[in-house]
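What follows is a set of notes on a single structure, which appears directly below.
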Amino acid sequence: MRGQQLRAVSAFLVSLHTMLWTAAPVRVKIILSNKKTGGIALRKYRCLCCGYLTLESRGEFDICPVCYWEDDTYFDFSRIGEETAVTGAYFDREPAAEELLDKPSGANHGLTLRAAQENYRSFGACEKEMLAHVRKPRGNER
C-alpha cells in the first residue's frame with residue numbers, strides 16, 4: 001500500500017511540474033534597444049506589496065529587493081472526490097491585486113498581501129524579520 005501511495009504522489013508531482021512549465025508562460029518582455037544602458041533590458045513588473053518595478057516576472061516566486069515580498073503563484077489544492085485539482089492565480093490570467101489581498105501566501109509563510117502592504121508602510125519591509133535584507137528603491141523602479 002505504501003509503495004502505491006508513493007507512486008501516486010510521485011505521478012502527481014511530475015504532472016504538476018509539467019503543467020506549470022507548459023501552462024504558465026514566462027511573461028518577460030525583452031526590449032532590444034535601450035539607450036540608457038546600451039544593451040538588452042528586461043521588462044520589470046510592479047511588486048504587489050511595495051508598488052515598485054522590481055520583479056522580472058509575475059507569479060514565479062521572484063523576491064522584491066525593496067520590501068522582500070515573494071511574488072507567489074497562490075496555488076490552490078482542492079479535493080474533488082478522489083482527485084486533487086491544482087489551480088493557481090496566474091494560470092488563466094494575471095489577477096488584480098485586490099483579488100489577492102486576503103489570500104494567505106504560501107511563499108510568504110501565510111502572510112496576506114494586505115498585511116504585508118501595511119507592514120511595508122509601517123516599517124519598510126513585508127515582515128520585520130526581512131528588514132536586514134531590504135534596500136531603498138532606485139530611481140528607475142518608481
Side-chain angles (χ1 to χ4, degrees), residues 2 4-142:
R2 180 132 171 91
Q4 196 174 21
Q5 289 173 330
L6 288 174
R7 282 191 295 281
V9 168
S10 178
F12 169 75
L13 292 174
V14 168
S15 66
L16 174 63
H17 180 269
T18 303
M19 179 179 62
L20 289 176
W21 285 104
T22 58
V26 176
R27 294 184 175 103
V28 177
K29 181 179 178 182
I30 296 179
I31 302 165
L32 294 176
S33 94
N34 185 332
K35 291 181 184 176
K36 247 183 183 178
T37 63
I40 295 176
L42 296 177
R43 176 180 179 211
K44 296 287 186 165
Y45 292 85
R46 280 197 193 281
C47 172
L48 296 176
C49 178
C50 66
Y52 291 103
L53 293 167
T54 57
L55 304 175
E56 292 183 9
S57 61
R58 174 67 71 215
E60 295 184 25
F61 304 100
D62 286 358
I63 296 176
C64 174
V66 173
C67 66
Y68 230 68
W69 175 258
E70 187 169 352
D71 194 45
D72 199 346
T73 302
Y74 293 94
F75 287 121
D76 181 25
F77 296 89
S78 304
R79 298 275 310 162
I80 302 172
E82 295 294 315
E83 300 293 317
T84 301
V86 180
T87 58
Y90 293 96
F91 278 12
D92 298 325
R93 62 183 174 76
E94 188 171 325
E98 296 78 34
E99 294 177 64
L100 304 175
L101 280 174
D102 297 312
K103 279 186 136 190
S105 167
N108 295 284
H109 312 285
L111 186 67
T112 66
L113 181 56
R114 184 182 309 275
Q117 289 173 337
E118 290 169 4
N119 290 345
Y120 180 74
R121 284 191 293 272
S122 295
F123 50 82
C126 66
E127 293 183 278
K128 283 198 177 178
E129 294 81 12
M130 301 303 151
L131 277 170
H133 306 289
V134 299
R135 64 165 172 76
K136 297 279 185 206
R138 297 181 179 139
N140 63 343
E141 295 172 336
R142 297 189 188 278

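The basis for the numbers below is simple: all heavy atoms, side chains too, and nothing from hydrogens, waters or symmetry mates.
Nearest heavy-atom pair across Leu53 and Asn140 is CD1-O, 4.4 Å. Across Asp102 and Arg114, no two heavy atoms sit closer than the pair OD1-NE, 2.7 Å. Considering all non-hydrogen atoms of both residues, Gly51 and Arg46 come closest at O-NH1, 2.7 Å.
Checked against side-chain hydrogen bond (donor to acceptor under 3.5 Å, both in side chains), Arg135 has the following partners two or more places apart in sequence or in another chain: Glu141. With sequence neighbours left out, Arg138 forms a side-chain hydrogen bond (donor to acceptor under 3.5 Å, both in side chains) with no residue at all. With sequence neighbours excluded, the residues forming a side-chain hydrogen bond (donor to acceptor under 3.5 Å, both in side chains) with Asp62 are Ser57, listed by chain and number.
Taking CG of Asp72 as the reference point, atom CZ of Phe61 lies at 5.0 Å (rounded to 0.5 Å). We find the CG-NZ distance between Asn119 and Lys128 to be 8.5 Å, quoted to the nearest 0.5 Å. One distance of note links CG of Leu55 with NZ of Lys44; it measures 8.0 Å at 0.5 Å rounding. Taking CD of Gln117 as the reference point, atom CH2 of Trp69 lies at 8.5 Å (rounded to 0.5 Å). Separating the OG1 atom in Thr54 from the CZ atom in Arg142 is a distance of 12.0 Å, to the nearest 0.5 Å. For the atom pair Glu118 CD and Leu111 CG, the distance stands at 10.0 Å (nearest 0.5 Å).
Aromatic ring pairs are classed by plane angle as parallel below 30°, tilted from 30° to 60° and perpendicular above 60°; the pair His133 and Tyr68 is parallel.
Looking at heavy atoms from C-beta onward, Arg58 lies in side-chain contact with Asp71 at the 4.5 angstrom threshold. In this structure, the side chains of Cys47 and Cys67 come closer than 4.5 Å at one or more pairs of heavy atoms.
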side-chain contact (heavy atoms from CB on, under 4.5 Å), that's the test. Do Cys49 and Cys64 meet it? Break it down for me. CA-CA 9 Å; Cys49 178; Cys64 174; over 6 Å; no
